[in-house]
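Beneath this line is the structure, given in structure tokens, with notes to follow.
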Amino acid sequence: MNSPLNDTPTDWITTPVEARFLRGALDVERTALGVRPHRLPSWVRKQFPDPTLAMMEAQPSGVRLAFRTRATAVELDVLHTKTVYKGIPPLPGGAYDLVVDGRPAGRAEASGGNVVTIDLATQAAENRPGPPGSVRFDGLPAGEKDVEIWLPNKETAELIALRTDAPVEAAADSGRRVWLHHGSSISHGTSAEGPTGTWPAVAAARGGVELVNLGFGGNALLDPFIARTMRDVPADVISVKLGINLVNHDLMRLRAFAPAVHGFLDTIRDGHPTTPLLVVSSVLCPIQEDTPGPGAPDFTGGKLRFRALGDPSDPSRLTLRIIRDELARIVAQRVAAGDANLHYLDGRELYGEADFAELPLPDAIHPDAAGLRRIGERFAERAFGDGGPFAV
């Protein structure tokens with residue numbers, strides 16, 4: 001349940017939120033109120049201050065507070081910022097998920113907060129400021145335990161203070177392998193029911209790894225600064241999921257795509273020459289399988305759906321089918337040239353035609369919460385399971 005900022009027992013312990021408590025963040029910005037976790041380093045944010053990417057990287061998908069404590073009640077003071085879209089019913093609020101000793105233990109939403117309203121047609125944004133709020137979890141089991149609070153995957157969160165009824169210390173290194181992943185809004189978890197319901201979070205829990213999620217809505221675009229970031233992040237296993245954003249942005253033609261993929265992988269390999277690296281193509285998306293982009297929102301009937309506007313007869317334009325074929329070819333070429341730890345996975349093995357028939361895409365692009373969970377479970381089987389590229 002939630003608790004207002006002034007409803008705090010005087011015997012509770014207040015602990016400022018610091019970088020040592022955060023996992024899954026690549027940078028921690030100090031603010032007037034506390035700290036704001038970022039999923040891209042400051043040099044990227046300065047080099048490419050794109051407002052959409054800035055919003056997406058500041059939404060802490062996969063980022064969690066991790067600490068050890070005897071506390072049976074925990075409060076987190078936050079100033080969160082929710083994004084809504086003009087003309088579309090608001091999505092459910094951003095959830096905070098509690099995990100105790102590796103097991104789900106609760107979910108809550110923060111009170112207060114800012115609201116940003118975006119017009120998808122014009123990209124104009126309006127900000128309505130709001131007050132800080134808090135998230136409260138109580139009834140935790142007695143005794144020493146490892147606690148994680150997973151931050152919302154679709155809201156920004158400025159973390160002010162952690163309050164508990166017993167002392168806390170930063171969690172020790174778990175000793176688990178670090179999985180570094182990059183992808184689109186499907187990896188970001190736009191449609192997930194909560195932060196532990198994104199498909200990378202589901203797969204990480206099943207695979208027993210520490211997740212660093214660089215899934216950014218609308219921004220899996222082979223940007224060199226993402227590859228440089230991944231090059232510099234310590235990781236034991238790495239995956240990149242490519243396809244849908246390149247098509248629905250109509251960003252490049254086939255002539256540019258192949259060298260861009262090679263350059264992206266070359267840069268990652270500069271920092272991780274032998275790390276298991278899995279290239280994953282797009283899950284099934286019927287509107288863009290054989291029709292190029294750009295994609296456009298369609299608000300007919302008061303619901304958001306997407307349409308593909310490209311010309312299917314133009315052989316120079318990228319489609320998901322063309323990208324899958326090219327990714328498979330590139331990976332095979334690099335493996336033959338000596339990169340034995342490079343692997344390819346067709347995204348339709350994670351969500352394909354049978355899945356679409358059972359769990360159709362509500363907006364024609366994004367799987368729903370059940371679809372994301374299925375993708376995470378399938379990825380865990382194929383990547384972390386016996387014989388998979390990430391198997392121990």
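Residues take their numbers from the sequence shown, with the count starting at 1.
Within the 4.5 Å cutoff, the side chain of His366 has heavy atoms near those of the Ser185 side chain. Residues Val78 and Ile160 form no side-chain contact, since every pair of their non-hydrogen atoms from C-beta on lies 4.5 Å or further apart. Looking at heavy atoms from C-beta onward, Glu193 lies in side-chain contact with Arg107 at the 4.5 angstrom threshold. Annotation: side chain of Leu40 is not in contact with side chain of Asp27 (no heavy-atom distance under 4.5 Å). No side-chain heavy atom of Val335 sits under 4.5 Å from any side-chain heavy atom of Tyr344. Looking at heavy atoms from C-beta onward, Val74 lies out of side-chain contact with Arg136 at the 4.5 angstrom threshold. Contact annotation: the side chain of Asp346 never approaches that of Val280 to less than 4.5 Å [non-hydrogen atoms, C-beta and beyond]. Taking 4.5 Å as the limit, every side-chain heavy atom of His182 sits out of range of all side-chain heavy atoms of Asn213.
Pairs passing the salt bridge (Lys or Arg N to Asp or Glu O under 4.0 Å) check and including a residue from residues 165-180, sequence neighbours excluded, read Arg176-Glu210. Residues in residues 214-238 take part in no salt bridge (Lys or Arg N to Asp or Glu O under 4.0 Å) pair, two or more places apart or across chains. For residues 237-261, the salt bridge (Lys or Arg N to Asp or Glu O under 4.0 Å) pairs, not counting sequence neighbours, are Asp250-Arg253, Asp250-Arg317. Identified under the side chain to side chain donor-acceptor pair (under 3.5 Å) test for residues 142-153, with sequence neighbours left out: Arg68-Asp146, Glu148-Trp150. Pairs passing the side chain to side chain donor-acceptor pair (under 3.5 Å) check and including a residue from residues 381-392, sequence neighbours excluded, read Glu349-Arg382.
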Sequence neighbours excluded and cut-off under 3.5 Å, please list the side-chain donor-acceptor pairs for residues 47-54, or say none.
residue	atom	partner	partner atom	Å
Asp50	OD2	Thr52	N	3.2
Asp50	OD2	Leu53	N	2.8

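Between the side chain of His272 and the main chain of Val233, a donor-acceptor pair closer than 3.5 Å is present. A donor-acceptor pair under 3.5 Å is formed between the side chain of Arg64 and the backbone N or O of Gly62. A donor-acceptor pair is defined here as one N or O able to donate and one able to accept, closer than 3.5 Å; no such pair exists between the side chain of Glu289 and the backbone of Arg321. Formation of a donor-acceptor pair under 3.5 Å by the Tyr351 side chain with backbone atoms of Leu372 is not found in this model. In terms of modelled atom types and a separation under 3.5 Å, the side chain of Arg324 and the main chain of Gly347 share no donor-acceptor contact. Between the side chain of Asn341 and the backbone N or O of Thr275 there is no donor-acceptor pair closer than 3.5 Å. Distance alone, capped at 3.5 Å, places no donor-acceptor pair between the Glu75 side chain and the Arg163 backbone. Not a single donor-acceptor pair under 3.5 Å links the side chain of Thr164 to the backbone N or O of Pro167.
Looking at residues two or more places apart in sequence or on another chain, you find a side chain to side chain contact (heavy atoms under 4.5 Å, CB included) between Arg307 and Asp298, Leu309. Not counting sequence neighbours, the partners of Pro362 by the side chain to side chain contact (heavy atoms under 4.5 Å, CB included) test are Asp368. Annotation: salt bridge (Lys or Arg N to Asp or Glu O under 4.0 Å) contacts of Arg206 (sequence neighbours excluded): Glu377. Partners of Glu126 according to the salt bridge (Lys or Arg N to Asp or Glu O under 4.0 Å) rule, which considers only residues two or more places apart in sequence or in another chain, do not exist here. A search for salt bridge (Lys or Arg N to Asp or Glu O under 4.0 Å) contacts involving Asp363 returns nothing, not counting sequence neighbours. In this view, His181 and Trp179, Trp199 satisfy the ring pair (Phe, Tyr, Trp, His ring centres under 6.0 Å) rule, not counting sequence neighbours.
Residues Leu246 and Met252 come closest through the heavy atom pair CD2-CE, 4.3 Å. Taking all atoms of both residues into account, the shortest heavy-atom contact from Gly106 to Phe137 is C-CE2, 3.8 Å. Nearest heavy-atom pair, Pro195 versus Ala95, reported as atom, atom and distance to 0.1 Å: CD-O, 3.3 Å.
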* Kindly determine whether Val35 and Glu18 satisfy side-chain contact (heavy atoms from CB on, under 4.5 Å), including the steps that lead there. => CA-CA 7 Å; Val35 297; Glu18 299 172 347; over 6 Å; no
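For Arg45, the CZ atom sits in a packed shell: over 12 heavy atoms of surrounding residues, nucleotides or ligands are nearer than 6.0 Å. Annotation: Arg128, atom CZ; neighbour count of heavy atoms from other residues, nucleotides and ligands within 6.0 Å does not exceed 12.
Screening Thr83, Thr156, Asn127, Thr81 against Asn114 for a side chain to side chain donor-acceptor pair (under 3.5 Å) leaves a single residue, Thr81.
Residues His188 and Gln59 bring a donor and an acceptor atom of their side chains to less than 3.5 Å of each other. For Asp290 and Thr319, the side-chain atoms include no donor-acceptor pair closer than 3.5 Å.
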